Amino acid sequence: MVLLIVATALCTCLAALLRPVSGDITMFSNARAFGIYFLCMVAMGYAENASGKENILTEIFSEYDGKIPPNYDNDIPVKSSVQFYIIGIDSINEATMDFSMTFFVRQRWVDKRLNYTPVFNMTRLELDTRRMADVWVPDLYFVNEKKADVHQVTVPNKLMHIYPDGLVVYSMRVTATFSCTMDLQKYPLDDQRCNIILESYGYSTETLLMRWHQTPVEKSDNLQLPQFDLQNITEYICDVTYASVTYTCLKLELYLHRNLGYYIIQVYVPSVLIVILSWVSFWLNVDSTPARISLGLLTVLTMTTQSQGAKASLPRVSYVKAIDIWMSTCLFFVFAALIEFAYVNVLSRVDQRRGKSVMSNMNEAKEEDDEKEKGKLCCFKNLEDRERARLVDKISRLLFPAIFVIFNIVYWLVYVFWEPSPAP
């Protein structure tokens, strides 16, 4: 009201100061007077609009009680529509089985007690965060939330608009960590389904009924996840009953597909190379004991270390995962290569000791001529046994790679196409 009086006084003063002098009634002066009149009307309109908004707010909240839901006396539930705008999914942690997400949660409902008549083409009232505390809002909460924060920098990130027909639009920016029960039987070739469950904490369906907006979920154009692809989002209505009282419930299901590129580079390729490296011992001489022992022990220890590193970020579940099968099989192959060398080495050393023992007995029991003949026979037998050891190496050169290739074919076919039964 004060602004309206001030604007009227200013217009009167301008009209008095700029009125044309005697004999100066021209088209230009008429246009100038009309312009001044138009500006004055605009200023008076804005002043009236500002004054009108203050009056509307004062009138609305003079008898408004934010502690009572709308339609409470009529026993009609308040219908609130909910919409999510996902800004980003920050992290997905298999060890703690949860994920963090930043999003806007938007709610819309009608409160007839907030009806008003707009002035000067006013479309809505935009409330300050300090005034929002006076308005009733649905008591929405997240069932599977571990930790959540409403952003407060530089002011509380909340928005509330009130329209002339009583429609209330309420939005806030939240960062929350939600629990997600993951099935890791196919890890890292798995897909995960994570849920966000919303319920009313204190109001039953007789007082509050939450339903999804026509567009339940919107996503930021820059939404990216380092290890997953967000392939689909499905919304559900999941009203629940506690102690014979039904409460409204909404659920979002996020379908996440794990990207395999990281694991191919960091897990699968290095382990395959370590297994192939263990096969090099098959090509070394049977008598190269230090080289073959060093190579076998090195590959076994390296494979053990890599297996522990690959599973360090996983929870200690009781079932067998795909990464467990892979690492255990690779460890078995490098260990089998070490055992193969031990077997070949034993054959070679036993034959050498046997040859020396036979030669010593022949020197004591027979003459020199017979010694030469027996020596030749002994050398022939020794040559046969060494060839047997070499034959084991030759067979291993083909058998180990063939079995490993067959294992890879079975492993990838099973874990790419097999779908484990979902948990109840």
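Just so you know, these numbers come straight off a predicted model, no measurement behind them.
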- Query: What about Phe404 and Phe400, are their ring centers closer than 6.0 Å?
  - Reply: no
- Message: Are there over 12 heavy-atom neighbours, none belonging to Trp418, within less than 6.0 Å of that residue's CH2?
- Response: yes
- Query: Has the side chain of Tyr319 got a donor or acceptor atom that lies under 3.5 Å from a matching backbone atom of Leu184?
  - Reply: yes
- Message: Quick one: does any side-chain atom of Ser396 pair with a main-chain N or O of Val392 as donor and acceptor, under 3.5 Å?
- Response: yes
- Compute the centroid of each ring, for Phe228 and then for Tyr262, and state whether the two points are separated by less than 6.0 Å. no
- Query: Does a donor on one side chain and an acceptor on the other come within less than 3.5 Å for Asn222 and Ser220?
  - Reply: no
- Query: Do Arg292 and Glu340 sit within salt-bridge range, that is, some charged N less than 4.0 Å from a carboxylate O?
  - Reply: yes
- Message: Other residues, nucleotides and ligands only: do more than 12 of their heavy atoms fall within 6.0 Å of NZ on Lys146?
- Response: yes
- Task: Taking atom types as modelled, find out whether Tyr263 and Gln227 have a side-chain donor-acceptor pair closer than 3.5 angstrom.
- Result: yes
- Task: Test ring pair (Phe, Tyr, Trp, His ring centres under 6.0 Å) on Phe142 and Phe178 and set out the steps.
- Result: CA-CA 8 Å; Phe142 299 101; Phe178 301 98; 5.4 Å; yes
- Item | Gln83 side chain to Ser81 backbone, donor-acceptor under 3.5 Å | no
- Query: Does Asn93 reach the main-chain N or O of Ala95 with its side chain, forming a donor-acceptor pair under 3.5 Å?
  - Reply: yes
- Using only heavy-atom distances, determine whether the side chains of Ser271 and Trp326 contain a donor-acceptor pair under 3.5 Å. yes
- Is it true that atom CD of Gln224 has more than 12 heavy atoms of other residues, nucleotides or ligands lying nearer than 6.0 Å? no
- For the side chain of Asp111 and the backbone of Pro70, is there at least one donor-acceptor N/O pair under 3.5 Å apart? no
- Message: Restricting to salt bridge (charged side-chain N to carboxylate O under 4.0 Å, His left out), what partner residues turn up for Asp128, sequence neighbours left out?
- Response: Arg130
- Message: Please check: side-chain N/O of Thr207 versus main-chain N/O of Tyr203, any donor-acceptor pairing under 3.5 Å?
- Response: no
- Without swapping roles, check the side chain of Asn232 against the backbone of Tyr255 for a donor-acceptor pair under 3.5 Å. no
- Run the salt-bridge test on Glu63 and Arg113 with the 4.0 Å N-O cut-off and return the result as yes or no. no
- Message: By the salt bridge (charged side-chain N to carboxylate O under 4.0 Å, His left out) test, which pairs, at least two apart or in different chains, include something from residues 238-247?
- Response: Arg211-Asp239
- Among pairs that include at least one residue of residues 95-174, which meet disulfide bond (SG atoms under 2.5 Å apart), considering only residues two or more places apart or in two chains? none
- Side-chain donor/acceptor of Ser328 to backbone N/O of Ile325, under 3.5 Å: no
- Give a yes-or-no answer on whether the side chains of Asp139 and Ser200 include a donor-acceptor pair shorter than 3.5 Å. yes
- Partners passing side-chain contact (heavy atoms from CB on, under 4.5 Å) against Glu206 (at least two apart in sequence or in another chain): Ser204
- Task: Spell out, as yes or no, whether a donor-acceptor pair under 3.5 Å connects the side chain of His213 to the backbone of Thr215.
- Result: yes
- Task: Sorted by first residue and then second, give each salt bridge (charged side-chain N to carboxylate O under 4.0 Å, His left out) pair with at least one member in residues 168-179; sequence neighbours left out.
- Result: none
- Message: One thing to verify: whether Lys311 and Asp324 come together as a salt bridge, which I'm taking to mean a side-chain N less than 4.0 angstrom from a carboxylate O.
- Response: yes
- Task: Taking all non-hydrogen atoms of both residues into account, name the closest pair between Leu331 and Thr304 and its distance.
- Result: CD1-OG1, 3.6 Å
- Over all atoms of both residues, closest heavy-atom pair of Pro156 and Thr129: O-CG2, 3.6 Å
- Message: Does Tyr141 have more than 12 heavy atoms from other residues, nucleotides or ligands lying within 6.0 Å of its OH?
- Response: yes
- Message: Using every non-hydrogen atom in the two residues, find where Leu125 and Tyr116 come nearest and quote the distance to one decimal.
- Response: N-OH, 3.4 Å
- Message: Determine whether Asp134 and Arg131 satisfy the following criterion, salt bridge (Lys or Arg N to Asp or Glu O under 4.0 Å), listing intermediate values before the conclusion.
- Response: CA-CA 6 Å; Asp134 299 331; Arg131 175 63 85 172; 3.2 Å; yes
- Item | Cys194 versus Phe99, closest heavy-atom pair with distance | CB-CE2, 3.5 Å
- First locate atom NZ of Lys158, then atom CG of Leu127, and finally report the distance between them rounded to the nearest 0.5 Å. 12.5 Å
- Scan side-chain atoms only and decide if Tyr64 and Glu59 contain a donor-acceptor pair under the 3.5 Å cut-off. no
- Heavy-atom neighbours of Tyr247 OH exceed 12 at 6.0 Å: yes
- Answer yes if the side chains of His257 and Asp229 hold a donor-acceptor pair under 3.5 Å, and no otherwise. no
- Task: Identify, with sequence neighbours excluded, every residue that meets salt bridge (charged side-chain N to carboxylate O under 4.0 Å, His left out) alongside Arg397.
- Result: none
- Message: Any side-chain to backbone donor/acceptor pair from Thr299 onto Gly296? Under 3.5 Å, distance only.
- Response: yes
- No-hydrogen, no-angle side-chain donor-acceptor test under 3.5 Å, Thr205 and Thr248: no
- Distance-only donor-acceptor check, side chains Asp183 and Gln185, under 3.5 Å: yes
- Centroid-to-centroid, Tyr268 to Trp412, below 6.0 Å? yes
- Inspect the contact between Glu199 and Lys251 and indicate whether a charged nitrogen and a carboxylate oxygen are less than 4.0 angstrom apart. no
